[in-house]
Amino acid sequence: MTIILDGKKTANNIIEKIKDYTFTLSKKPKLAVIMAGDNPASKIYVGNKQKKAEYAGFESIVINLPNNVTEEDILEHIYILNEDDEVNAILVQLPLPKGINSQKIIESIKPIKDVDGFTSYNFGKLALGYQPYAYPCTPKGIIRLLEEYQINTEGKHSVIIGRSNIVGKPISLMLQSKNSTVTMANSYTQNLKELANTADIIVSAVGKPHFLNSDFIKEGSIIIDVGINRTETGITGDFDFISTAQKASYITPVPGGIGPMTIAMLMENTLELYKYQRSIFY
Ligand code: GUN
């Protein structure tokens with residue numbers, strides 16, 4: 001029998017707990033999001049992040065900047081947010097408009113306010129197996145969902161398809177820390193089907209609808225689909241869900257899988273940064 005990994009329910013439970021805790025605080029955590037350009041998917045994600053932040057009882061601001069914004073403009077906004085003691089967490093929504101150097105922008109965020117864990121300070125800590133101020137939200141959400149369903153990763157072969165800084169790279173490090181044997185694949189990988197068939201766990205972050213199907217998986221494997229692809233028939237992941245679900249032991253749905261977990265982890269990270277900044281971390 002296949003078990004659907006219910007990210008929506010798990011995320012809602014996490015957010016309810018955060019909400020209850022936030023209610024007890026006289027000063028609320030504050031999340032600031034920089035949204036540059038008019039990428040329609042990014043706008044939806046940012047809207048959802050802001051809604052959840054407000055639901056959790058946080059203060060929240062979104063700074064909308066035009067498509068032709070300059071690097072200097074964004075850096076100036078980050079400088080102000082870095083210096084503002086009221087702001088606990090800064091998120092720059094990616095991708096940034098063409099011509100903007102994302103690396104320079106991300107590196108300008110103070111590590112203790114880097115809610116995505118994308119600065120080299122936090123990512124370096126993660127790579128070394130030390131604790132960063134914040135773990136990247138999507139991989140953290142994947143690990144939390146596996147834990148929620150008591151799925152042990154130790155000794156299991158994880159194949160990760162996609163090597164982005166947002167998902168592929170950090171989840172590979174986090175799964176290695178949990179004693180999984182990790183193989184990285186990407187769009188150049190030869191014999192992807194054969195490789196994926198050796199996986200106990202597959203994490204796909206490709207961004208192509210129906211790129212993968214049941215032929216790519218072995219019976220009883222665990223499928224984590226991070227793809228969010230907008231098609232004419234609605235939102236779908238990288239896997240063809242129906243066929244794959246019949247063969248897998250666990251699978252995340254799209255929507256309702258990793259997406260909501262990412263937002264829940266963003267809320268958790270915001271609260272954790274607030275605690276670090278107020279030195280009430282135990
Ligand atoms: N774009 C897609 N996913 C993410 C994310 O987790 N954080 C940021 N900042 N941008 C993204």
Side-chain angles (χ1 to χ4, degrees), residues 7 11 14-15 31-53 60-65 69 74-75 77-78 81-82 87-98 100-111 113-123 126 132-145 160-174 203-208 224-230 235 237-238 252 254-255 257-270 272-273:
I14 292 166
I15 286 171
L31 169 68
V33 177
I34 294 181
M35 169 70 219
D38 48 16
N39 181 309
S42 289
K43 279 184 160 174
I44 295 171
Y45 300 146
V46 168
N48 289 339
K49 288 170 185 178
Q50 189 177 28
K51 264 189 246 156
K52 279 290 179 232
S60 150
I61 52 163
V62 176
I63 298 171
N64 283 296
L65 300 169
V69 67
I74 303 178
L75 291 172
H77 279 286
I78 293 173
L81 297 171
N82 277 338
V87 171
N88 304 111
I90 303 169
L91 182 146
V92 177
Q93 186 64 27
L94 301 174
L96 286 165
K98 270 205 196 82
I100 304 281
N101 182 338
S102 303
Q103 185 185 336
K104 200 164 156 192
I105 300 295
I106 288 165
E107 290 293 81
S108 75
I109 301 170
K110 262 191 195 171
K113 294 191 178 188
D114 169 24
V115 74
D116 269 320
F118 288 167
T119 58
S120 51
Y121 179 90
N122 284 317
F123 209 100
L126 168 64
Y133 286 120
Y135 290 89
C137 303
T138 302
K140 188 181 184 189
I142 293 171
I143 298 289
R144 186 64 59 80
L145 194 58
I160 297 164
I161 310 173
R163 56 180 153 182
S164 69
N165 291 344
I166 298 178
V167 185
K169 260 184 229 163
I171 192 62
S172 73
L173 295 164
M174 290 165 83
V203 178
S204 80
V206 178
K208 288 191 185 139
I224 308 294
D225 191 341
V226 185
I228 300 178
N229 307 299
R230 283 155 219 281
I235 291 176
D238 295 334
T252 58
V254 180
I258 299 304
M261 289 302 294
T262 296
I263 295 187
M265 294 301 103
L266 174 63
M267 301 308 134
E268 191 175 275
N269 283 358
T270 300
E272 285 179 2
L273 294 183

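Excluded from the calculations below are hydrogen atoms, water molecules and symmetry mates; all remaining heavy atoms, backbone and side chain alike, are included. Read the numbers this way: they start at 1 and go in the same order the structure lists the ligands and their atoms. For this chain, numbers begin at 1 and follow the sequence in order. All values derive from a computational prediction rather than experimental measurement.
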Minimum heavy-atom distance [X]-[Y], with the two atoms named:
X      : Y      : value
Ser204 : Asp225 : OG-OD1, 3.4 Å
Thr119 : Ile109 : CG2-O, 3.6 Å
Gln93  : Tyr45  : NE2-CD1, 3.9 Å

Tell me whether Asp116 contacts the main-chain N or O of Pro136 through its side chain, where contact means a donor paired with an acceptor under 3.5 Å.
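Judged by distance alone, no pair lies under 3.5 Å.
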Any donor-acceptor pair under 3.5 Å from Asn82 side chain to Lys110 backbone
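Yes, because the side chain of Asn82 sits within donor-acceptor range (under 3.5 Å) of the backbone of Lys110.
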Could you list the residues that satisfy salt bridge (Lys or Arg N to Asp or Glu O under 4.0 Å) with Lys113, not counting sequence neighbours?
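In terms of salt bridge (Lys or Arg N to Asp or Glu O under 4.0 Å), with neighbours along the sequence ignored, Lys113 is linked to no residue.
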At less than 3.5 Å, what protein N or O atoms come close to the N or O atoms of ligand 1? Include the distances to 0.1 Å.
from	atom 1	to	atom 2	distance (Å)
ligand 1	1 (N)	Gln93	NE2	3.3
ligand 1	1 (N)	Leu94	O	3.0
ligand 1	7 (N)	Asp116	OD1	3.2
ligand 1	7 (N)	Asp116	OD2	3.2
ligand 1	9 (N)	Val92	O	2.8
ligand 1	9 (N)	Asp116	OD2	2.7
ligand 1	10 (N)	Leu94	N	3.1

